[in-house]
Amino acid sequence: MSTLAAPQLTGTSVLLRFALRRDRLMIPVWVGVNTLMVLSMPNSLKSLYGTPQERADLIHQVSTNASFRALIGPVFDTSLGALTAWRIGVYAGLLAAAMSLMIVVRHTRDEEESGRQELVASGMVGRRASLTAALLAAGVANAVLALLVTAGLAGQGLVGALALGLGIAAAGMVFATVAAIVAQLTESARLARGLTAGVLGAAFVLRAAGDSATDDGSSALTWLSPLGWLENLRPYAHERWWVLGLFTAAVGAQALVAYVLAGRRDVGMSFLSTRPGPAVGRLGSAGALAWRLQRGGVYGWSIAFFLVGVVYGGLTDGVADLVGDNDNARRIFERMGGQSGLTDAFLASMVGMMGLIAALYVVGSVLRLHGEETSGRAEPVLANAVGRMRWACGHLAVAFGGSALIMLLTGLGFIVGYGKEAGPILGAALVQLPAVWVIGGLATALYGLLPRLAPAAWGVAGAVLLIGWVGPALDAPQAVLDVSPFGHLPKLPGGEMSWGPVLVLVGLAVVLVSVGLAGLRRRDMTT
């Protein structure tokens, strides 16, 4: 216990306030989007499955369809609250985990990599204060999320709402402590985020594999995943409160490991050393450097999108059985994917959803410019014979070209999973790119003109995702759906290809990128 004495935590409260101030945009966006997605479910599900018979039919379809159980999980009860926990619980846990790992890595390894942590550590700050502040910041974000979910779903039953809110927050904290451990092991914030995201992806795969094998969440593979614990907490279905003990034990054990590791290394050092580069550099251009810095992210997103495409493609033939005679469900798919047949509407809506998620990739890739500038890594590059435009265009080429690659692989994944309509499906995937590029162009414009507000691009991407995901289910007015650039794209496959909106969106993306580059050329760089 002496290693965790109070002097080692000196300055934690100050660092926590600083962390929350720095994240005053990011945390509300993540929490708000997650909360709204959860709270939109009861009304949506009520319109879809308003009678006990319709809900019983849904449970029967899910219990006999291993693919849908793998994608969403098993259903444990016919109440609206239980259906809400089934439909959105795992995905809300995923978002909470992603938010938590971003917060922890940002305030630990990111700070060390930028050199700011060394300055902080030279003052009256304890050895473990920064790690504690990062975990507390993640705890605050997850606590607010749990409170909002519980309050919003209390009308469906306070006990079930509390269970779901606590489960989502607990899943977030499990991966916050995973990120805390990985941040001690690695020397790069980028690698820390990638490894923790890999652990999160493995948790989802384990849960999906377990749920595809059984219809009651009892598989050993399900129990190996914290996301499986979340579904087995069973909100609104005779809650298993003891499952929260698993979350508590995991958070406590992982936090202890992170604290022990933090006390055994110097600031800026890591337990997994970075492999030194060659004695003679092989990066001959700014574009090559940008690719070297971002290629891991491109590979990760590409593999994930291809695999998700395979899964969704494999579900396509069964969608008619799942929807059955439910006219409301059919209308939602048609609002998302067009007025063609149900299969084409499902394909169009799922490909469109992948496009919405691809917007998150392009924002993160564009904002790598902001990270390179604020961390000071851009300065030595620009001090050589590399102009700002060449440096920025190298990263933008990776951002916009990478988004094209991942949507291409999405289409190929759907083709592999579905096995039909190769040309139309590929066209449906690629037609999402103009809207993705508009979001990337807006991020570029914010970075070039108002660099301090550049992180607000995450809020734009989150709002677009929310409109595209929740809007059709809530029967939102068309004017609301049209706020998103994705609302103007042709609904493929099945619909008619309309080149006018596509060309307008491409032109808008070009204008936004040009404005951002012009602003970057004229303003001072952060030093």
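A perpendicular orientation is assigned to the rings of H395 and W391, their planes being inclined by more than 60° (bins at 30° and 60°). Note: W437 and F400 have tilted aromatic rings, judged against thresholds of 30 and 60 degrees for the angle between ring planes. Ring-plane geometry between F414 and Y312 is classed as parallel, the angle between the planes falling under 30 degrees on a 0 to 90 degree scale with a further cut at 60.
Between A98 and L200, the shortest heavy-atom distance links the atoms N-CD2, 4.2 Å. When all heavy atoms of V502 and P490 are compared, the closest pair comes out as CG2-CD, 3.9 Å. Nearest approach of P485 to L505, heavy atoms of both residues: O-CD1, 3.7 Å. Considering all non-hydrogen atoms of both residues, G411 and I425 come closest at O-CG2, 3.8 Å. Listed here is the closest heavy atom pair of T196 and A179: OG1-CA, 3.7 Å. Across every non-hydrogen atom of Y418 and L347, the tightest pair is CE2-CD1, 3.9 Å.
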Evaluate W223 against L206 for side-chain contact (heavy atoms from CB on, under 4.5 Å), listing each step before the verdict. CA-CA 9 Å; W223 284 103; L206 284 172; over 6 Å; no
L433 and S403: side-chain contact (heavy atoms from CB on, under 4.5 Å), yes or no, with the steps? CA-CA 7 Å; L433 287 174; S403 62; 4.2 Å; yes
Dump the intermediate steps for side-chain contact (heavy atoms from CB on, under 4.5 Å) on V483 and I467, then the final yes or no. CA-CA 8 Å; V483 170; I467 291 172; 4.3 Å; yes
Is there a side-chain contact (heavy atoms from CB on, under 4.5 Å) between R193 and D110? Walk through the geometry before answering. CA-CA 10 Å; R193 280 187 284 267; D110 253 333; 2.9 Å; yes
Using the rule given for side-chain hydrogen bond (donor to acceptor under 3.5 Å, both in side chains), can you reason through Q294 versus S365, listing the C-alpha separation, both sets of side-chain angles and the distance that settles it, and then say yes or no? CA-CA 8 Å; Q294 298 205 47; S365 187; 2.5 Å; yes
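Between M41 and L83 the shortest side-chain heavy-atom distance does not fall below 4.5 Å. Two residues are said to be in side-chain contact when any heavy atoms from C-beta on lie closer than 4.5 Å; M99 and N34 fail this criterion. Residues M497 and V431 form a side-chain contact, since some pair of their non-hydrogen atoms from C-beta on lies under 4.5 Å apart. Proximity of I103 to M26: side-chain heavy atoms (C-beta onward) are separated by under 4.5 Å at one or more points. Residues L520 and Y447 meet the side-chain proximity criterion, which asks for heavy atoms closer than 4.5 Å. No side-chain heavy atom of T78 sits under 4.5 Å from any side-chain heavy atom of Y236. A heavy-atom distance below 4.5 Å is not found between the side chains of L94 and F175. Here the side chains of V363 and V366 are not in contact, with every heavy-atom distance at 4.5 Å or above.
Salt-bridge check for R234 with D216: failed, with every basic side-chain N at 4.0 Å or more from each acidic carboxylate O.
Annotation: the span from M37 atom CE to T35 atom OG1 amounts to 9.0 Å, rounded to 0.5 Å. Between atom CG of residue L396 and atom CZ of residue R368 there is a gap of 13.5 Å, rounded to the nearest 0.5 Å.
Ring pair Y91/W86: centre-to-centre distance not below 6.0 Å.
Side chains of E231 and T222: no donor on one and acceptor on the other come within 3.5 Å. Side-chain contact annotation: S100 with N142, donor-acceptor N/O pair under 3.5 Å present.
The closest donor-acceptor contact from the side chain of T177 to the backbone of V174 lies under 3.5 Å. S212 places a side-chain N or O within 3.5 Å of a backbone atom of A209 that can act as its donor or acceptor partner. At distances below 3.5 Å, at least one donor-acceptor pair connects side-chain atoms of R109 with backbone N or O atoms of T186.
With respect to V38, the side-chain contact (heavy atoms from CB on, under 4.5 Å) criterion is satisfied by exactly one of L148, L153, L95: L153.
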